[in-house]
Amino acid sequence: MTFLTKRIFQPRSIFSLLKNGNCLSLQLKKISMKLENEIVLAIQEAIEKLYGTKLEPNKIPIQQTRKDQNGDYTLVVFGFSGLSKKKPEETAQELGVFLKENVDFIADFEVIKGFLNLIVEDKIYINVLKENQNRKNFGFLEVNPHDKVVVEYSSPNTNKPLHLGHIRNNLLGFSLAEILKANGKNVTKVNLVNDRGIHICKSMLAWQKWGNQITPESAQLKGDKLVGDFYVLFDKKYKEQIAALVADGLEKEQAEKEAPLIQEAQEMLRKWEENDVEIKTLWQRMNTWVYKGFDITYQNMGVDFDKIYYESETYLLGKELVVEGLKNGILFQKENGSIWCDLTDEGLDEKLLLRADGTSVYMTQDLGTAQLRHEEFDAQKMIYVVGNEQNYHFDVLKLVLKKLGKPWFNSIEHLSYGMVELPQGKMKSREGTVVDADELMEEMYITAKTTTQELGKAEDFAQEDLEKLYQTISLGALKYFILKVDPKKQMMFNPAESIDFNGNTGPFIQYTYARIKSILRKAGEVEQMNFWPESLNEKEKNVLKQIQNFPSILKQAGELYSPALISNYVFELVKLYNKFYQEIPILKETDQVKRQFRILLSSFVAENIKNSMSLLGIHVPERM
RNA sequence: GGUCCAGUAGCUCAGUUGGAUAGAGCAACAGCCUUCUAAGCUGUAGGUCCUAGGUUCGAACCCUAGCUGGAUCACCA
C-alpha cells in the first residue's frame, strides 16, 4: 500500500499536483500520454499487490473504452486469470475495487465479462484545459535544429502539366512536412525537377515541327499546358508512323524503333548531352514556360519548397559515383561498356547504372541527388514522397548506396503512396484520361461559390473576402478528400460526383470552426478562469477526452507519415463538438462558471481545429 | 511466372498491440430552424469483414492455401 501510494503520487506524476493545484512548472506536452501511463502504472502496482507479480507495462492491455460503454479506459483482464487463479470477472472486480480505493483519479469502475471499465475523475479532463488554456500550439513540440529531415515531394516531369496524381503527391508531401515540424523536426522541403530526358525531347521536337513558333503568350495558354499539348501531339504522330510502317509489313516492335520521329527525338537527346547550343536554347526556353505554369499551380495549391534540384544538374554527379564504384571494383562492366550493380546477394537482380553509350538512367541521377543532398544537409532522414509504383526503385537505390559504401543509405525512406484511380481505371496522360490539377481546382472553386450562394451565406462579404472564402472552402474540400485516405492505399476519384461539402469533409470542419469563432466574437474577450467547474456533462467530457488524445495522435502521424490520422482525429473532434454545440447552451448559460468554461472549451477546440487543419495544409475561415 | 500491396454496408473510407454487439460519411427513409450559423443535429434501414482451413479464452487483424484487383521485375522515368 505504501509502495503503491509512493509510486503513483511521486512528484513527477501530474496527478500528484492536482491535489495541491500548483502544477504550473510542468512540461505539458505529454499530458495525454501521461494519463494512460499513470493508469498503467496504477494497474501494475495493483497486480503486484494483489497477485504478487510485477508485469511489464506493455503486458498490461489497456485501451480507451468503446463509445457504447460506460467508462474512459478499459483493462482487458482475460490474460490475468493465470495470475489471479480466478475467473476473469472476479479478477476484474478485485482490481476495480482496489483501484477505486487507492487511486484518487479513478472515480469508479464497472465490470462486464472480462473487461474492467475505469471511470476517470472529471477533474483530470478539466485539467487538460486548465493546464493548456494559454498554449497556442497544444501538442506541438519545439523544433530541434539538429534533428534534420529532408522531405522530397512533387518531383514533376517538365513535359506535361500536373494532374490529380501529382495533387496527391504534393498534398502528402506538404502535410508530412508540417506534421514533422510539429513533431520537432527541422524540415527542409525539396523538389527534384526531372527536366531532361527523351520525354522532354519529344515535346521539343513536336514544337519545332508543328509549333509555328507558338508561345504561351501567343496561344493564351499556360506554359505547362502548351508543352504538354506538344507531348501529346508527338505521341499521336508517332503512332501514325508506327501504324504506317506496320501496314508496310514491319513488326510492331521494329516499327516502334524505326519510326523517323523517335529516331529524331533520340538524335535530339544526343545533341542535348553534347551541349548543342540550338537545342539547349530551345530546351531552356520551353522549360521556362513550364516552370511558369507550375508556379501558378503550386501557388494555387498552396505548396512550396525550400530548395529545388534539377536533374540536369545532378545526373553528372551520379555518373561520377558510378565510375568511381567501377574503379573500386564494387560495380562491374559488361562487354558493351554498360555498367551494372550486382544485387543478387541481396535477393534482387543486376541493375543497370550507365548505358553502353555512357548516358545515364533514372537511377544514376538519383544516386547523385542523394549524395548531394546528404552532403548539403547531413539529415537524420531523407524522405521521398513517391508513388508505390517505384517501390523497387527505392529498394535498389538504398542497396546500391550501401554497396558504394555510403553509411547514410539507411537514412533514406520512401513514403510510398497508392495511385489515384478513376472509375475507368488508371489515369493515362497520353490517352487524355487524366484529371488536370488546374481544372479540378477551378471546378472546386465554382462549386464552393455556387454552394455558398445557394445557402445564402456570406452575402455581406466584400468581394475580396468572398474570393478568399471560395478559395479556402474549395481547397479545404479537395485537400481533405485526398488526405483523409491512408497514404499507402490506392484511392478512387469519380469526376462525375463532385467532392462533397457535407459529412466527413473539409468544409464541414471549417464550418464548425467558423461557428465557434462566431460565438467567440459574441462572447468578447476570452477571460482567464479563476474558478473551475466541479464536474462535466457528458458532451463536454467527450470533447475533452478526444482533445487530450491529440499529442499522441500527432506523434503517431509523425512516425507513420500519415496525415490521415490527423484527418480522422479532427473529424471525430468536430463531430463531438457539434453534439455539444447542439445540445448545451454556451452564451445562454446563466451559471457564470459554466458559461466561461464552455467559452474557453470552445476557444480551445477552435485553436486545435485550426492547428490540425494547418497540419493538412488547410486554412480555416473566420466566417462562412 | 517471381516479388510486393490491397480486398470491410449500394458507393467512398475508418477500424491502434488480437478483445465486448464491426464503425463513419455519402446515397435512401423519418424527424429537428421565432433559438449560440441547419455546410448542423437526432433516428431508421443497410454486413458471409473475398473464400477455406489453422493458431487461442477470444481473429476483420496473426499463419497456410486459394480467388479477385493493382503495382513492379526496362539500356523508360
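Naming: A, B, ... by sequence-line order, numbering from 1 per chain. Everything numeric here is computed off the predicted structure, so don't read it as measured data.
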Is the phosphate of B:rA77 approached by A:R196 (side-chain N or O, under 4.0 Å from OP1 or OP2)? no

Suppose you measure atom P in B:rG7 against the same atom in B:rU12; what distance do you get, rounded to whole Å? 13 Å

Run the ring-ring contact (aromatic ring centres under 6.0 Å, His included) test on A:Y511 and A:F508 for me, step by step, so that the C-alpha distance in whole Å, both residues' side-chain angles and the decisive distance to 0.1 Å come before the verdict. CA-CA 5 Å; A:Y511 176 67; A:F508 167 66; 7.8 Å; no

Give the rounded distance in Å between these two atoms: CZ of A:F571 and C1' of B:rC26. 11 Å

Could you let me know what B:rG69 is paired to, Watson-Crick or G-U wobble, both distances under 3.5 Å, or none if it's on its own? B:rC5

Where do A:T158 and A:V227 come nearest, in terms of heavy atoms and distance? O-CG1, 3.8 Å

A:E350 CD - B:rG2 P separation (whole Å): 21 Å

Using the closest heavy atom to pick a nucleotide of RNA chain B for each, name whichever of A:N504 or A:G197 lands nearer the 5' end. A:N504

Per the side-chain hydrogen bond (donor to acceptor under 3.5 Å, both in side chains) rule, which among A:N169, A:N388, A:D486 passes with A:Y417? A:N169

If I take atom NZ from residue A:K351 and atom CG from residue A:L331, how far apart are they, to the nearest 0.5 angstrom? 13.5 Å

Under 4.0 Å between a Lys/Arg side-chain N and an Asp/Glu carboxylate O for A:E572 and A:K575? yes

On a whole-Å scale, what distance lies between the P atoms belonging to B:rG54 and B:rC61? 14 Å

Glycosidic class, syn or anti, of B:rC11 using a 90° window around 0: anti

Whole-Å P distance, B:rC11 and B:rA39: 29 Å

So that I can tick it off, tell me whether A:D72 and A:K545 are bridged by a salt bridge, with the cut-off set at under 4.0 angstrom between side-chain N and carboxylate O. yes

For A:K484 and B:rG15, what is the distance between atoms NZ and C1' respectively, to the nearest whole Å? 15 Å

Just verifying a value: how many Å separate A:E413 CD and A:F394 CZ, rounded to the nearest 0.5 Å? 12.0 Å

Check the phosphate of B:rU37 against A:K522, side-chain N and O only, distance under 4.0 Å to OP1 or OP2. Yes or no? yes

Residue pair A:M492/A:M363 against RNA chain B: nearer the 5' end by closest nucleotide is A:M492

Can you tell me which nucleotide in B:rA77, B:rG19, B:rU37 comes closest to the side chain of A:R623? B:rU37

Whole angstrom is fine here: how far is it from NZ in A:K489 over to C1' in B:rU12? 12 Å

Does A:Q44 reach the main-chain N or O of A:E56 with its side chain, forming a donor-acceptor pair under 3.5 Å? no

Quick one: is B:rU37 close enough that its OP1 or OP2 comes under 4.0 Å of any side-chain N or O from A:S518? yes

Ranking B:rA77, B:rG19, B:rU37 by distance to the side chain of A:F115, first place goes to B:rG19

CD of A:E36 versus P of B:rU17: gap in Å, rounded? 12 Å

Each nucleotide N or O in nucleotides 54-58 of chain B that has a protein N or O under 3.5 Å away: list the pair and distance.
none

P atoms of B:rC63 and B:rU48, separation to the nearest Å: 25 Å

Distance, P atom - from B:rG10 to B:rC67, rounded to whole angstrom: 25 Å

Could you walk me through whether A:N578 and A:T512 pass side-chain hydrogen bond (donor to acceptor under 3.5 Å, both in side chains), step by step? CA-CA 7 Å; A:N578 280 338; A:T512 304; 3.3 Å; yes

Among the candidates B:rA20, B:rU35, B:rU37, find the nucleotide nearest to the side-chain atoms of A:K588. B:rU35

If only side-chain N and O atoms of A:R66 are considered, is one of them under 4.0 Å from the OP1 or OP2 phosphate oxygen of B:rG23? yes

Taking all non-hydrogen atoms of both residues into account, name the closest pair between A:M624 and A:Q510 and its distance. SD-C, 3.6 Å

Starting from P on B:rU12, measure out to CD1 on A:I499 and report it in whole angstrom. 15 Å

Only one of A:V40, A:I39, A:L41 passes side chain to side chain contact (heavy atoms under 4.5 Å, CB included) with A:I60; say which it is. A:V40

Using atom types as modelled and distance alone, determine if a side-chain donor or acceptor of A:R196 lies under 3.5 Å from a backbone N or O of A:E313. no

Among the nucleotides B:rA77, B:rG15, B:rU37, whichever has the atom closest to the side chain of A:L565 is B:rG15

Among the nucleotides B:rA14, B:rA77, B:rA20, which one has an atom lying closest to any side-chain atom of A:Q69? B:rA20

With rounding to the closest Å, how many angstrom separate the C1' atoms on B:rA59 and B:rA22? 12 Å

A:E497 has an atom CD; how far is it from atom P of B:rC13, in whole Å? 11 Å

Pairing of A:R66 and A:D68 as salt bridge, 4.0 angstrom limit: yes

When the C1' atoms of B:rU17 and B:rC50 are compared, how many Å lie between them, rounded to an integer? 26 Å

note: A:F481, atom CZ; B:rU12, atom P; distance rounded to Å ~ 10 Å

Checking base pairs now: Watson-Crick or wobble, both atom distances under 3.5 Å. What partners B:rG43? B:rC29

State whether A:K113 places a side-chain N or O below 4.0 Å from either non-bridging phosphate oxygen (OP1 or OP2) of B:rU21. yes

Over all atoms of both residues, closest heavy-atom pair of A:Y561 and A:P487: O-CG, 3.8 Å

Out of B:rA20, B:rA77, B:rG25, which nucleotide sits closest to the side chain of A:I112? B:rA20

Atom pairs, N/O to N/O, protein against nucleotides 69-73 of chain B, distance under 3.5 Å?
from, atom 1, to, atom 2, distance (Å)
B:rG70, O2', A:Q490, NE2, 3.3
B:rC73, O2', A:D349, OD2, 3.4

Once base and sugar-phosphate atoms are separated, protein heavy atoms under 4.0 Å mark nucleotides 39-44 of chain B, 5' to 3', with B, S and - as BBSS--

